[in-house]
Amino acid sequence: MSRSRTAAVMSSLSLQVLAALLAGLAAGAAAQAWGIPGGTGSVALIEGLGQLWLNALRMTIIPLVFSLLVTGIASIADAAATGRLALKAVIVFALLLVGATVYGIFASQGLHALWPIDPEGGRLLMAGAAGDAVVRENLGGGGLPAFLTSLAPANPVRAAAEDAILGIVVFAIVFGFATTRLDARLRQPLTVFFEAVSETMIVIVHWVLRAAPLGVFALSLGVGLRAGLGAAGVLGHYIALVSLVLIGLILLTYVVAVVFGRVSLGRFARAAAPAQVVAFSTQSSLACLPVMVERARDRLGVSAATAGLVLPLAVAVFRITSTVANLAVCIFVAHLYGIPLTPGVLFAGGVAALAISVGTVGLPGQVSFFASIAPIALAMGLPLEVLPLLLAVEVVPDIFRTVGNVTADLAAARIVEGRDADLDPEAASGI
C-alpha cells in the first residue's frame with residue numbers, strides 16, 4: 001500500500017475511532033443509568049475484549065522499538081558519512097531536537113501548573129480505565145543510583161520481559177552504533193534483518209488498528225459505565241493541553257528560523273504557509289515534501305543541492321514534534337494519576353523521547369502513537385491503560401504535529417544553508 005493511500009486509510013480510521021469513543025462513552029453512561037443486558041457478565045466480557053486489544057498493541061512495543069532504533073541509527077550514520085552537508089544537517093537536527101525536548105518538558109509542566117486537571121473528572125476517567133488500580137513504580141524512589149543502574153541492563157532479555165524500557169533503549173542505541181563499525185559485508189544483512197522486523201511489527205500494528213473502533217468502544221464503554229460522561233471533559237482538556245504545547249513549539253520555530261536562519265519573519269511565514277496547509281489537510285510530512293522543496297528553493301533562498309538533501313533527510317529522521325507531543329502525553333498521564341515527576345523521571349522521559357524520535361516511522365500519528373508513547377511512559381514508570389482513550393482523540397493533536405514538523409524542516413534547511421542562502425529580496429529593496 002502506498003504512503004498516500006495509507007495516510008487516507010488512517011485518516012478515515014481515526015474518525016471511526018473517535019466515533020467509537022463517543023459511542024462507547026454514551027452507551028456506558030446509558031447502561032449506568034438503565035442497566036445492561038447480562039449485567040456484570042456482559043461488562044466483564046466487553047472489558048475483556050478491550051484489554052485483549054490493548055495487549056495486542058503492547059506485544060509489539062519491545063521488538064518494534066529495538067528494531068527501529070537500530071535501523072534509524074544506521075540510516076543517520078550512513079547519511080552523516082555521505083559528506084559535510086549531510087553531517088551538518090544531522091547536527092542541526094540533533095540540536096533542534098534537544099532544544100525542543102527541553103521546551104516540551106517545561107511547557108507541559110507550566111501548562112499543568114496554570115491549568116490543572118479537574119480532580120473529579122480525572123478520578124472518573126481513571127476509575128473507568130481497566131487495570132489502572134496498579135500504577136507502575138517509577139524512578140522517583142530509587143534516586144540517582146537506581147537510575148544509573150537502569151541504563152545498563154545486566155540481562156537485556158529479562159529487561160525486555162519486565163518492560164524495563166530505558167535499559168532496552170540504551171542497549172539498542174549502543175547496538176545500533178556498534179553495527180556502524182562492522183564491515184559492509186556484515187552490516188548490511190544485519191540492518192536488513194532489523195528493517196524486516198520493524199516492518200513486520202508495523203504490519204501487526206496495522207492489523208490491530210483495524211480493530212481499533214471495536215477495542216476503543218469496549219474500553220470507553222467501561223469508562224462510561226463507571227464515570228458516565230464526566231470523563232469527556234478530561235479528554236477535551238487533554239486535547240487542548242497537547243495542542244497548546246505544539247502551537248507554542250511552532251511559534252518558537254519561527255523565532256529559531258529568524259535568529260539562526262537569518263531570514264525575515266514575513267518571508268519565512270509566507271514560504272512555510274503552503275506546506276503547512278498541505279500538512280494540515282494530509283497529516284503526512286511525506287506528502288508535504290514536494291511543496292517544501294519548491295518553497296525552500298524559490299522562497300527561502302536555499303540551493304537546490306541543500307533542499308534536495310536536507311528536506312528528504314528531515315522527513316526520514318527529523319520529527320521535532322515527536323519529543324514534545326509524546327512528553328506532553330506522558331506528563332498529562334502522570335498528572336492524571338498524581339505520580340510525582342522528579343528531575344530523574346523527567347530526564348529519563350526526555351532521553352527515551354529523544355531516542356524514540358530517531359526511529360519513529362513516517363506514518364500518521366494513529367499508527368505510531370502507541371509505539372512511540374508507551375516506551376516513554378514505561379521509562380517514566382507510568383501506566384499504559386489510559387493511552388487507548390487518548391489515541392481515540394489523537395486526530396486533533398496529530399494535525400499540529402505534522403504542521404510543526406514541516407515548519408521545522410523548512411527552518412532546518414535554511415539554517416543548514418547558512419551564509420550561502422540568498423538574501424531576502426524584500427528586505428534588500430526596503431519593502
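We count residues from 1, following the sequence as given. Since the model is a prediction, treat every value here as computed from it, not as a measurement.
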#### Entry: Aromatic contact, F66 with F175 (centres under 6.0 Å)
yes
### Message
So does G261 get a backbone contact from the side chain of R414, meaning a donor-acceptor N/O pair under 3.5 Å?
### Response
yes
### Message
To the nearest 0.5 Å, what is the distance between CG on L327 and CG on L354?
### Response
8.0 Å
### Message
Please determine whether side chain to side chain contact (heavy atoms under 4.5 Å, CB included) holds for the pair R187 and L190, giving the CA-CA distance in whole Å, both sets of side-chain angles, and the decisive distance to 0.1 Å.
### Response
CA-CA 5 Å; R187 183 176 67 251; L190 189 62; 5.8 Å; no
### Message
With heavy-atom distances below 4.5 Å as the criterion, would you say the side chains of T342 and V345 are in contact?
### Response
yes
### Query
side-chain hydrogen bond (donor to acceptor under 3.5 Å, both in side chains): which pairs involve residues 234-258, sequence neighbours left out?
Y254-Q276
### Task
Tell me, with the steps shown, if I376 and V329 meet side chain to side chain contact (heavy atoms under 4.5 Å, CB included).
CA-CA 10 Å; I376 304 171; V329 174; over 6 Å; no
### Query
Between R299 (side chain) and F268 (backbone), is there a donor-acceptor pair under 3.5 Å?
no
### Message
Quick check: closest heavy atoms across S198 and L64, and the distance to 0.1 Å?
### Response
O-CD1, 3.7 Å
#### Entry: Closest contact, heavy atoms only, V291 versus P274
CG2-CB, 4.1 Å
### Task
Would you name the heavy atoms of S303 and E417 that are closest together and state the gap between them?
OG-OE1, 3.3 Å
#### Entry: Closest contact, heavy atoms only, A275 versus L410
CB-CD1, 4.2 Å
### Query
Under 3.5 Å, is there a donor-acceptor pair linking the side chains of T71 and E195?
no
### Query
Rounded to the nearest 0.5 Å, how far apart are OG of S357 and CZ of F93?
12.0 Å
### Message
Assess the residue pair N326 and R401 against the criterion (side-chain hydrogen bond (donor to acceptor under 3.5 Å, both in side chains)); give the C-alpha distance rounded to whole Å, side-chain angles, the decisive distance to 0.1 Å, and a yes or no.
### Response
CA-CA 10 Å; N326 294 344; R401 282 179 183 251; 2.9 Å; yes
Got a list of side-chain donor-acceptor pairs under 3.5 Å for residues 346-353, not counting sequence neighbours?
none

#### Entry: Atom of P312, atom of L289 and distance for their closest heavy-atom approach
N-CD1, 3.9 Å
### Message
For a 4.5 angstrom cut-off between non-hydrogen side-chain atoms, does P383 reach Y337?
### Response
yes
### Message
Given 3.5 Å as the limit, does a donor-acceptor pair link the side chain of W53 with the main chain of V208, or not?
### Response
yes
### Task
Mind checking the CG-OG1 spacing from L186 to T179? Nearest 0.5 Å is all I need.
11.0 Å
### Task
Taking R295 for its side chain and L300 for its backbone only, find out whether a donor-acceptor pair lies under 3.5 Å.
no
### Message
Could you tell me if the side chain of I373 sits less than 4.5 Å from the side chain of L390, heavy atoms only?
### Response
no
### Query
Distance from L311 atom CG to F318 atom CZ, nearest 0.5 Å?
11.0 Å
### Query
Do M380 and I339 come close enough that some side-chain heavy atom pair is under 4.5 Å?
no
### Query
Can you tell if the side chain of L241 reaches within under 4.5 Å of the side chain of F332, non-hydrogen atoms only?
yes
### Query
Taking the side chain from D118 and the backbone from V234, do they hold a donor-acceptor pair closer than 3.5 Å?
no
### Query
Is there a side-chain contact between L252 and Y103, using heavy atoms and a 4.5 Å cut-off?
yes
### Task
Kindly indicate whether the side chain of T191, heavy atoms from C-beta on, has any atom under 4.5 Å from the side chain of V70.
no
### Message
Using modelled atom types and a 3.5 Å cut-off, is there a donor and acceptor pairing between side-chain atoms of T306 and backbone atoms of V302?
### Response
no
### Message
Among residues at least two apart in sequence or on other chains, which ones pass side chain to side chain contact (heavy atoms under 4.5 Å, CB included) with A100?
### Response
L249, I320, T323, V324
### Query
In Å and rounded to the nearest 0.5 Å, what is the CD to CG distance from Q188 to D183?
12.5 Å
### Task
Show the numbers, then the answer: is there a side chain to side chain contact (heavy atoms under 4.5 Å, CB included) between R297 and E294?
CA-CA 5 Å; R297 291 172 53 185; E294 184 270 330; over 6 Å; no
### Summary
Heavy-atom nearest pair, I356 first then P375, reads CD1-CB, 4.0 Å
### Query
What do the steps show when you test L341 against I331 for side chain to side chain contact (heavy atoms under 4.5 Å, CB included), and what is the final call?
CA-CA 8 Å; L341 291 173; I331 289 173; 3.9 Å; yes
### Message
Measuring from atom CZ of R319 to atom CG of L97, what distance do you get when rounded to the nearest 0.5 angstrom?
### Response
10.0 Å
